[in-house]
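Heavy-atom basis, side chains included; hydrogens, waters and symmetry copies ignored. Each chain gets a letter, A, B and so on, in the order its sequence line appears, and its residues count up from 1.
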There are 2 protein chains.
Amino acid sequence: MVRLSKKVEYGLIAIRHIAAHPSDVVTAKEIADKYQIPYELLAKVLQRLSREGLITSQQGVRGGYSLTKNPNEITVSMIINAIEGNSLAIAQCMTEGPESCDVFNVCTIKSPLSKVQANIENAFDTMTLAQIV
Amino acid sequence: MVRLSKKVEYGLIAIRHIAAHPSDVVTAKEIADKYQIPYELLAKVLQRLSREGLITSQQGVRGGYSLTKNPNEITVSMIINAIEGNSLAIAQCMTEGPESCDVFNVCTIKSPLSKVQANIENAFDTMTLAQIV
DNA sequence: CCTAAATAGGACTTAACAAGTCGGAGTTCG
DNA sequence: CGAACTCCGACTTGTTAAGTCCTATTTAGG
């Protein structure tokens with residue numbers, strides 16, 4: 001199955017919401033309530049996005065989150081990477097590092113799949129937050 | 001993370017191997033040995049492909065698997081669907097049926113993601129076995 | 001300066017699903 | 001018949017995602 005994780009879904013929904021309210025500082029609770037997302041989990045996702053510099057957090061009573069860049073400077077790729085950490089790999093033989101493809105003495109499907117992967121990466125790369133809002 | 005399952009990986013490797021040996025009847029064991037795939041699991045995958053009509057199985061002593069169609073008539077999509085059963089859905093809100101998107105009162109990311117998904121589907125749809133062999 | 005409301009973040013538990021295993025039945029050929 | 005092979009469902013295991021819990025830390029406001 002090819003599917004984004006819940007965290008990424010939540011992250012996309014959340015950052016879109018933040019982008020849609022540029023003049024406000026939005027709290028995690030507000031987003032969790034509105035979209036029926038588990039608060040604790042959403043908070044973690046927002047912390048990730050904040051740590052990676054896609055959004056700014058402000059602690060304290062009137063705190064919350066807001067964007068650091070223009071929506072057209074934030075790509076879906078950046079959001080996915082911020083949340084997932086590791087890079088996208090459609091199949092095991094697409095990963096970098098030691099546990100890569102050497103398991104298969106002849107990994108016959110690597111080159112065709114890499115094209116599909118490039119395709120997907122490109123789609124996520126070129127899609128910005130501005131297009132989602 | 002966006003990744004194909006091991007079963008799909010194994011299925012692709014296997015059916016590619018079968019396609020690469022058009023005059024032979026290939027056994028599951030042969031494939032399992034060559035690509036270091038767990039035999040039982042591979043057998044299951046091949047059974048799926050056989051049930052879905054992509055390959056033919058022949059029981060008995062000189063049995064094994066062979067293609068039913070020309071390699072250019074078999075798309076990667078068909079292979080994935082045969083093995084996974086359920087259709088590709090990049091996010092929960094892309095699925096059909098009751099557990100779909102009504103969880104979110106406003107699923108704000110559905111329409112942008114559907115474009116990415118169409119993109120992926122198209123890539124898998126247009127790639128045939130003939131291109132992989 | 002105390003409190004309420006917010007983020008920060010590690011540790012943990014649970015749930016879901018993929019991966020892999022097992023046992024037995026059916027089929028074909030020599 | 002018996003060996004070699006496929007077929008298939010049920011089962012176990014392992015991994016990872018998803019979700020929870022608890023305790024800090026920050027900060028505005030009365």
Side-chain angles (χ1 to χ4, degrees), chain A residues 1-11 13-14 18 24-33 35-66 68 80 82-86 89-92 95 99 103, chain B residues 1-11 13-14 18 24-33 35-66 68 80 82-86 89-92 95 99 103:
Chain A
M1 181 55 87
V2 179
R3 180 170 298 199
L4 299 173
S5 69
K6 282 272 165 67
K7 284 185 193 171
V8 169
E9 282 189 49
Y10 297 159
I13 290 173
I18 295 170
D24 302 341
V25 172
V26 184
T27 69
K29 185 172 186 309
E30 191 180 327
I31 298 174
D33 283 351
Y35 301 101
Q36 305 292 319
I37 298 172
Y39 170 76
E40 307 278 358
L41 190 52
L42 175 64
K44 249 186 203 46
V45 170
L46 288 169
Q47 283 161 29
R48 270 324 249 297
L49 292 174
S50 166
R51 229 182 301 165
E52 300 295 323
L54 295 181
I55 58 180
T56 300
S57 70
Q58 192 182 342
Q59 287 189 320
V61 173
R62 303 284 306 158
Y65 297 94
S66 49
T68 56
I80 294 176
I83 295 171
E84 299 274 359
N86 48 12
I90 204 180
Q92 184 163 11
T95 56
E99 87 283 22
V103 193
Chain B
M1 181 55 87
V2 178
R3 181 171 296 200
L4 298 173
S5 68
K6 281 271 165 69
K7 285 184 192 171
V8 170
E9 282 188 49
Y10 295 159
I13 291 173
I18 295 171
D24 301 343
V25 173
V26 184
T27 69
K29 186 172 185 309
E30 191 179 327
I31 298 174
D33 283 352
Y35 301 102
Q36 305 292 319
I37 299 173
Y39 170 76
E40 306 279 357
L41 189 52
L42 174 65
K44 234 181 218 44
V45 171
L46 289 170
Q47 285 160 28
R48 270 325 249 295
L49 293 174
S50 164
R51 227 183 303 165
E52 301 296 324
L54 296 180
I55 59 179
T56 300
S57 70
Q58 192 182 342
Q59 287 190 320
V61 175
R62 302 285 306 158
Y65 297 94
S66 49
T68 56
I80 294 175
I83 295 171
E84 299 273 359
N86 48 12
I90 204 180
Q92 184 163 10
T95 56
E99 87 284 22
V103 193

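Separating the CD1 atom of I83(B) from the P atom of dG20(C) is a distance of 14 Å, rounded to the nearest angstrom. Computed from coordinates, the E9(B) CD to dA18(C) C1' distance equals 12 Å when rounded to whole Å. Rounded to an integer number of Å, the gap from CG of L41(B) to P of dT6(D) is 15 Å. One atom, CD1 of I37(A), and another, C1' of dA18(D), lie 13 Å apart when rounded to the nearest Å. Computed from coordinates, the R3(A) CZ to dT16(D) C1' distance equals 15 Å when rounded to whole Å. Spacing between atom CD of E84(A) and atom C1' of dT16(D) amounts to 11 Å, rounded to whole angstrom units. What separates CG of L42(B) from C1' of dT21(C) is a distance of 15 Å, to the nearest Å. Atoms NZ (K6(A)) and P (dT16(D)) sit 18 Å apart, rounded to a whole Å.
Closest approach of T68(A) to L54(A), counting heavy atoms only: OG1-O, 3.1 Å. Heavy atoms only, all atoms of each residue included: A28(B) and L46(B) are closest at CB-CD1, 3.7 Å. For the pair Y65(A) and A43(A), the tightest heavy-atom approach, listed with the atom from each and the gap, is OH-O, 4.3 Å.
Among the heavy atoms of the strands lying under 4.0 Å from A28(A) are primed sugar atoms or P, OP1, OP2 only; no base atom is included.
A distance of 12.0 Å separates OG1 of T27(B) from CD of Q58(B), quoted to the nearest 0.5 Å. For the atom pair CD1 (I37(B)) and CD1 (I13(B)), the distance works out to 5.0 Å, reported to the nearest 0.5 Å. Note that CG of L42(B) and CD of Q47(B) are 9.5 Å apart. Values are rounded to the nearest 0.5 Å.
A close approach under 4.0 Å does occur between a side-chain nitrogen or oxygen of Y10(A) and OP1 or OP2 of dG19(D). In terms of phosphate contacts, R51(A) brings a side-chain nitrogen or oxygen within less than 4.0 Å of OP1 or OP2 of dG9(C). Between Y39(B) and the phosphate of dA19(C), there is no side-chain N or O to OP1/OP2 separation shorter than 4.0 Å. Between S57(A) and dA8(C), a side-chain N or O to OP1/OP2 separation shorter than 4.0 Å is present.
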Contact string for nucleotides 21-30 of chain D, one letter per nucleotide 5' to 3', B = base within protein heavy-atom range under 4.0 Å, S = sugar-phosphate only, - = neither, reads BB--BBBB--
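Out of dA19(C), dG9(C), dT6(D), the shortest distance to the side chain of Q47(A) is found at dG9(C).
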field: V8(B)/E84(B) under side chain to side chain contact (heavy atoms under 4.5 Å, CB included): CA gap, chis, key distance, verdict
entry: CA-CA 8 Å; V8(B) 170; E84(B) 299 273 359; 3.2 Å; yes
